[in-house]
4 protein chains.
Amino acid sequence: MVTPKKTPGAGRRAELLATAADVFAELGYNATTVRTIADRAGMLAGSLYYHFDSKESMADEILSAFLTDLWDGYRRTEEAGLGPRETFEELVTESFRQMARHRPAVVIYQKEARRLAAQERFRYLADSHERFRELWTRTLERGVADGSFRSELDIPVTYRFVRDTVWVAAVWFRPWGSRTASEIAQQYTSMVLDGIATRPVAR
Amino acid sequence: MVTPKKTPGAGRRAELLATAADVFAELGYNATTVRTIADRAGMLAGSLYYHFDSKESMADEILSAFLTDLWDGYRRTEEAGLGPRETFEELVTESFRQMARHRPAVVIYQKEARRLAAQERFRYLADSHERFRELWTRTLERGVADGSFRSELDIPVTYRFVRDTVWVAAVWFRPWGSRTASEIAQQYTSMVLDGIATRPVAR
Amino acid sequence: MVTPKKTPGAGRRAELLATAADVFAELGYNATTVRTIADRAGMLAGSLYYHFDSKESMADEILSAFLTDLWDGYRRTEEAGLGPRETFEELVTESFRQMARHRPAVVIYQKEARRLAAQERFRYLADSHERFRELWTRTLERGVADGSFRSELDIPVTYRFVRDTVWVAAVWFRPWGSRTASEIAQQYTSMVLDGIATRPVAR
Amino acid sequence: MVTPKKTPGAGRRAELLATAADVFAELGYNATTVRTIADRAGMLAGSLYYHFDSKESMADEILSAFLTDLWDGYRRTEEAGLGPRETFEELVTESFRQMARHRPAVVIYQKEARRLAAQERFRYLADSHERFRELWTRTLERGVADGSFRSELDIPVTYRFVRDTVWVAAVWFRPWGSRTASEIAQQYTSMVLDGIATRPVAR
DNA sequence: TATGAATGAGGTTTCATTCAT
DNA sequence: GATGAATGAAACCTCATTCAT
């Protein structure tokens with residue numbers, strides 16, 4: 001009947017993490033003060049430390065939760081045994097799916113990963129980064145090999161192009177509106193795979 | 001006109017700005033302390049204030065120098081009266097050209113513009129952003145109109161796609177190696193315009 | 001008289017005090033957090049406040065229980081009407097006896113008394129300190145007067161020497177091993193009274 | 001002519017260390033706030049960090065300076081090739097000499113060493129402690145061997161007795177008054193070596 | 001009796017900035 | 001031009017304590 005002002009129990013922690021993630025994404029990790037997070041959560045700065053060890057550990061939980069989900073999805077895709085073009089499409093789609101669940105985390109990842117990865121605690125960011133590279137590179141190579149992708153592609157450059165192209169979307173994808181992750185993914189995939197130009201009449 | 005005495009001073013100033021830009025790009029604006037900049041320049045933190053009013057004004061100079069050069073280039077492109085596809089290619093090329101000259105500035109722009117633009121002093125960032133949007137949107141629309149670009153494009157989405165796609169490159173473009181800005185630009189243009197997939201045999 | 005219900009409560013209280021005393025002794029009063037005490041007692045920090053008013057009141061109870069017992073013993077010794085050397089020996093023995101019962105309290109006393117005594121609530125620490133001084137000084141003076149102690153002793157210096165010599169032992173007296181308080185006391189008394197050197201053959 | 005309010009240059013650092021040492025000794029390391037030190041030095045808390053990395057590093061410098069001087073003195077004593085009783089007397093004298101120079105450091109050492117030594121940075125405290133033990137133990141053993149010290153001594157207990165007996169003096173030795181370190185040392189040595197009692201008539 | 005959650009004061013530290021020299 | 005020393009605001013974090021449940 002009554003809407004509780006503050007969700008009790010384990011939910012509170014998740015709520016606070018969501019708040020923190022929003023603020024980190026909006027202002028950047030460094031520019032975010034724990035007071036800002038606390039304000040937004042309706043408590044005092046010190047009170048956050050009942051739930052978390054440190055500001056850093058909040059970022060840690062946010063990022064690792066995202067990466068765990070993401071890699072679960074990627075693993076499923078890898079195990080599906082699809083051809084390169086379909087794998088490509090499915091990886092993009094999965095990325096957008098996770099972006100929908102973890103939007104602020106993706107923004108944080110995009111903006112802060114490089115800096116954070118320098119710390120031992122965030123070692124897994126660098127690891128994940130490397131696994132990314134391998135996964136996409138492998139997919140691109142398979143595609144070139146079987147003729148799905150252009151043979152003249154510079155694979156490392158293309159990899160970065162695709163990677164950034166996908167994640168950068170998180171920054172400005174405020175309202176997904178009515179479009180599902182799959183629809184958005186399709187738009188992206190189409191642009192990346194087939195280009196935005198019409199096919200030249202003669203080539 | 002200007003007393004020659006000022007020349008060495010001006011040189012030092014440019015040197016310091018370059019140092020500051022490197023550090024800002026590497027560590028992020030917030031995470032950069034004036035002491036770090038000073039250390040790298042071989043002086044004490046306080047001494048920087050002989051040359052600059054504030055940390056903010058360093059970022060200001062760096063960003064506005066970059067944007068001034070960039071818009072000079074874009075203006076030339078606009079005045080060249082090219083078709084949409086050629087304009088597109090030329091804008092990308094010009095962007096990469098400026099990226100080569102102002103790499104750290106581009107990284108800073110990419111990462112901090114949104115936050116900085118909130119301040120009155122950095123108003124011009126928001127202005128520039130808007131002019132960007134208009135310029136690219138106009139180009140894309142012209143291309144759709146004359147059949148150069150696909151008719152089903154979602155112009156706002158495509159604009160963001162192209163914009164991010166280009167600038168994000170600055171983050172990892174450490175050494176250009178032997179490739180010139182034009183070559184890199186061509187690679188990018190080709191990917192964005194024609195896609196990375198081979199064209200289906202029958203369409 | 002007392003409702004039996006209170007007995008288990010009282011037992012718990014004593015247990016908690018013992019835990020607190022251990023931690024205070026180990027880490028120091030300031031460095032001890034109520035959370036550490038609570039952890040060691042298997043409860044949450046807040047729960048301690050059901051049993052005690054404050055951290056300070058725990059220290060208070062610990063110290064006053066010790067001093068009460070100690071002065072009971074000293075009083076018995078004083079009333080025994082012994083000679084100075086025997087009184088000396090008996091005071092040291094009694095001190096070690098109480099140290100055996102209240103070891104952590106003695107460590108706390110040793111390390112924190114000076115600071116705590118500044119507060120009104122711990123006034124009794126300063127009082128006890130003064131009674132100490134009087135008791136030992138009187139004993140030493142009696143001994144000098146009747147020839148038991150060397151006539152050239154600097155009484156105030158000797159008093160401090162003896163006092164510290166006895167209490168400081170509490171710090172490292174972890175396990176008493178098989179030795180009783182009396183045995184240890186005897187060793188101490190012997191060292192203090194007769195010195196550690198052999199007596200010169202001719203004097 | 002004019003007394004400068006604040007000593008400039010390298011002297012300032014030493015001054016601040018002396019101030020910090022006084023406060024640490026008076027209030028204890030934990031109970032001392034950097035604000036208290038700064039107040040006493042006539043500056044703001046943050047200003048201390050221009051001179052020192054942290055509160056901890058102040059304690060570190062204070063303690064290591066003391067121990068360095070102390071061990072220099074002990075080394076000289078060891079190299080003098082004295083007999084056990086003379087070595088004993090000389091070690092005590094050297095200890096009092098350093099106590100006169102580093103009184104607050106000794107108090108800090110006495111009260112905080114155990115706790116601090118747990119940290120890697122203060123490893124040298126534990127090392128020094130161990131060297132202490134060896135040095136005194138060796139001296140006592142030599143004395144027992146050559147008949148200078150009583151044969152029935154429990155060496156480990158005696159070692160602790162002597163050690164504490166000497167250092168604890170630092171706590172209450174406020175004004176040395178007119179007595180030199182040697183004079184005080186002699187009083188101590190006499191008490192410890194020969195005891196405070198007169199020689200029993202018959203034994 | 002105890003928990004879970006929060007408060008609020010205060011602690012250490014960082015850092016842009018100032019200024020006399 | 002640059003240094004050395006300091007300021008002051010604000011950051012992260014700790015902790016004794018409270019209180020509804």
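To find a chain, count down the sequence lines: A is the first, B the second, and so on, and within it residues start at 1.
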With heavy atoms under 4.0 Å as the rule, sort [X] into base, sugar-phosphate or nothing.
X       : value
A/Thr36 : nothing
B/Ser57 : nothing
A/Val34 : sugar-phosphate

Could you let me know what E/dA9 is paired to, Watson-Crick or G-U wobble, both distances under 3.5 Å, or none if it's on its own?
F/dT14

Watson-Crick/G-U partner (both atom distances under 3.5 Å) of E/dA16:
F/dT7

Yes or no on salt bridge (Lys or Arg N to Asp or Glu O under 4.0 Å) for A/Arg40 and A/Asp22, after CA distance, side-chain angles and deciding distance?
CA-CA 10 Å; A/Arg40 204 104 105 189; A/Asp22 284 343; over 6 Å; no

Judged by each residue's nearest nucleotide on DNA chain F, which is more toward the 5′ side, B/Gly42 or A/Asn30?
B/Gly42

Map A/Gly46 and C/Asp53 onto DNA chain F by nearest heavy atom, then report which one ends up closer to the 5' terminus.
A/Gly46

Considering only [options], which nucleotide approaches the side chain of [X] most closely?
X       : options                : result
C/Tyr50 : E/dA2, F/dT7, E/dT1    : E/dT1
D/Met43 : F/dA6, E/dT12, E/dA6   : F/dA6
A/Lys55 : E/dT17, F/dC12, F/dG4  : F/dC12
C/Thr33 : F/dA16, E/dT17, E/dG8  : F/dA16
A/Arg12 : E/dT13, E/dA6, F/dA2   : E/dA6
C/Ser47 : F/dT14, E/dA2, E/dT7   : E/dA2
B/Ser54 : E/dT17, F/dT17, E/dT13 : E/dT17

Less than 4.0 angstrom between a side-chain N/O of C/Tyr49 and OP1 or OP2 of F/dT18, yes or no?
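False: C/Tyr49 side-chain N/O out of range (4.0 Å or more) of F/dT18 OP1/OP2.
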
Just to confirm, is there a sub-4.0 Å distance from OP1 or OP2 of E/dA2 to any side-chain nitrogen or oxygen of C/His51?
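Yes, within the criterion.
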
Can you work out whether B/Tyr29 or D/Ala45 has the more 5'-proximal nearest nucleotide on DNA chain E?
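Nearest nucleotide further toward 5': that of D/Ala45.
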
Indicate yes or no for a side-chain donor-acceptor contact from C/Thr36 to the backbone of C/Thr32 under 3.5 Å, with no hydrogens or angles considered.
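Judged by distance alone, no pair lies under 3.5 Å.
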
Does B/Lys111 reach the main-chain N or O of B/Phe24 with its side chain, forming a donor-acceptor pair under 3.5 Å?
no

Can C/Asp60 and C/Arg121 be counted as an ion pair, charged N to O under 4.0 angstrom?
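Yes, charged N to carboxylate O under 4.0 Å.
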
Starting from [atom2] on [N], measure out to [atom1] on [X] and report it in whole angstrom.
X       : N      : atom1 : atom2 : answer
C/Leu44 : F/dC19 : CG    : P     : 18 Å
C/Asp39 : F/dA16 : CG    : C1'   : 15 Å
C/Arg35 : F/dC13 : CZ    : P     : 15 Å
A/Glu56 : E/dT13 : CD    : P     : 17 Å

Residues that B/Ala118 engages under side chain to side chain contact (heavy atoms under 4.5 Å, CB included), provided they are two or more places apart
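Expected list: none.
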
